[in-house]
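Below, chains carry the letters A, B, ... as their sequence lines are ordered, and counting in each starts from 1.
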Protein chains: 2
Amino acid sequence: MATPLDKARQNPNSMKAKILTSARRLFGTYGFHGTTTRMIAKEVGIDISTLYYHWGEKGDLYEAVVLDINEGMRSKLAELEKKIKGRPLSERLRIAIDEMVEYLFERPEISNLTIFRYFTKNRHESTFDTKVPEFISDIAYSMGLTESRKKCPAEAKMQVLAIINAIHNYVSGESFFLPMLEVDREEYIRQAKETIKFFAIPSFTKSVQ
Amino acid sequence: MATPLDKARQNPNSMKAKILTSARRLFGTYGFHGTTTRMIAKEVGIDISTLYYHWGEKGDLYEAVVLDINEGMRSKLAELEKKIKGRPLSERLRIAIDEMVEYLFERPEISNLTIFRYFTKNRHESTFDTKVPEFISDIAYSMGLTESRKKCPAEAKMQVLAIINAIHNYVSGESFFLPMLEVDREEYIRQAKETIKFFAIPSFTKSVQ
DNA sequence: AGCTGTTTCCATCATATGATGGATTTTTAT
DNA sequence: ATAAAAATCCATCATATGATGGAAACAGCT
């Protein structure tokens, strides 16, 4: 069964898809309450009622955006997992961190929205399935932190969360952190990669090999 | 010259202070746009106009909240710096991380609001002095990552940011992460401390001593 | 008690915002 | 070319929200 989201993804030039793209960016920048349907409609260049025609109420559009970025993350991680399979841990970390940082700096709305979802509440109870990212366990598994994807210890999950969140932090915090570091964007991204590897590699390669 | 904020801090039972406390919590939970002046007034148990009488417009109250939590962080860090002075690096890290995590889990609004400020824009341009936390450099200095507080290299600042943000993430993300870890709150806090030390200690003690 | 300055609340306003009905235009299929 | 379906826009509503003026209640002082 094709959901509205599937339909939007099929044709990136469809109005549904255009709206979704703007909504991703704006919800990511200003949050749920900080973004109005009028702002989204204006960015797309359509009337507000056209937006409602395609996506229904604001909360439904937001939900679609969340599902969309979750799917993006899921598939990127699956791709990464294949690529690093069989290599030694420190190399796996290096590749995974470099690629993930690149990927997210090109799509900052993903980090913005993820952080929004983690750290803030919406006043209107988000009834829809929160879909807690189960890929946290997958990453832990592919890093050799757990024997089984299902029974992943809390400790391992916490460690994976730390790394992922650190990436999101640098991506999402660019406009805040970059000025205080007095470097250019390229250097900032490089430093983000290096810093995360600086923390991840010695820690993980000490115990696990 | 005593600012309105100073006045509020002088007497924690004053109406000004009560409003500030509720505002801290609510802005931290729902963000600037997600929090209405009516919500704050209701939590305090006063009429909305009383709130405006004391703090003026919403943006001014928000600004006061930000300054307030910044001051809290600043003084806590100063206290910590004294306490760890002279000890070996790994011990300094252990103490600082443990205490900072405790401090913030008792005042989650600080982490919530800090993250909000880092990672989201307010639609109404925040004209007021952003006060980029200059204590990042202070921490770097007290960890021996830089010779001078003034000329702290970007690399060191990035590393300090990573640690601070990691703490904020665990504090602020409790309601999201705790359910997916299937542990109780106490264990969650313990794990947060351990995980951050897991990353910080090997990385820093490898090069610096 | 009576006066004065402070604090609080009630009523109200203007605007922003989410949402919709219905007319109009555009597209698609025959 | 025409009819049906799909997409878009205009006008409008109800409510939420930030903000304020002015009356009432309160506190401190003589």
Check if the side chain of A:Ser49 and the base of D:dC9 share a donor-acceptor pair of N or O atoms closer than 3.5 Å.
-> yes
Which atoms form the tightest heavy-atom contact between B:Ile139 and B:Ile164, and what is the distance?
-> CD1-CD1, 3.3 Å
A:Thr50 vs D:dC9: side-chain N/O to OP1/OP2 distance below 4.0 Å = yes
Between A:Thr37 and C:dT17, is there a side-chain N or O to OP1/OP2 distance below 4.0 Å?
-> no
Separation of atom OH in B:Tyr30 from atom P in D:dA16, rounded to whole Å = 16 Å
In whole angstrom, give the distance that lies between atom CD of A:Glu57 and atom C1' of C:dA19.
-> 9 Å
Of C:dT8, C:dG18, D:dG18, the nucleotide closest to the side chain of A:Lys58 is C:dG18
Decide if the gap between the ring center of A:Tyr62 and the ring center of A:Phe32 is smaller than 6.0 angstrom.
-> yes
Length of the CG-P vector between A:Leu51 and D:dA7, whole Å | 14 Å
Please report, rounded to the nearest Å, how far the P atom of D:dG18 is from the CH2 atom of B:Trp55.
-> 17 Å
Passing candidate, side chain to side chain contact (heavy atoms under 4.5 Å, CB included) with B:Phe27, options B:Ile69, B:Val66, B:Leu61 = B:Leu61
Distance check: side-chain N/O of A:Tyr53 vs OP1/OP2 of D:dT8, anything under 4.0 Å?
-> no
Return the nearest nucleotide to the side chain of A:Arg38; candidates are C:dG18, D:dT8, D:dA19.
-> C:dG18
Is the shortest side-chain N to carboxylate O distance from B:Asp138 to B:Arg74 below 4.0 Å?
-> no
Spacing between A:Ile19 atom CD1 and D:dC9 atom C1', to the nearest angstrom | 13 Å
Can a side chain N or O of A:Tyr52 be found less than 4.0 Å away from OP1 or OP2 on C:dA19?
-> yes
Among the nucleotides C:dC9, C:dT7, D:dA7, whichever has the atom closest to the side chain of A:His54 is D:dA7
From D:dG18, D:dC10, C:dT7, nucleotide with atom closest to A:Asp47 side chain | D:dC10
Rounded to whole Å, NE2 of B:His33 lies from P of C:dT17 at a distance of 9 Å
May I have the distance from B:Ile46 (atom CD1) to C:dC10 (atom C1'), rounded to whole angstrom?
-> 14 Å
Does a salt bridge link B:Arg149 with B:Glu81, judged by any charged N lying under 4.0 Å from a carboxylate O?
-> yes
Just compare D:dA19, C:dA19, D:dA6 and give me whichever is closest to any side-chain atom of B:Ile48.
-> D:dA19
How is A:Thr35 classified with respect to the nucleic acid when contacts are heavy atoms under 4.0 Å: base, sugar-phosphate, or nothing?
-> sugar-phosphate
To the nearest Å, give me how far apart NZ (A:Lys42) and C1' (C:dT17) are.
-> 15 Å
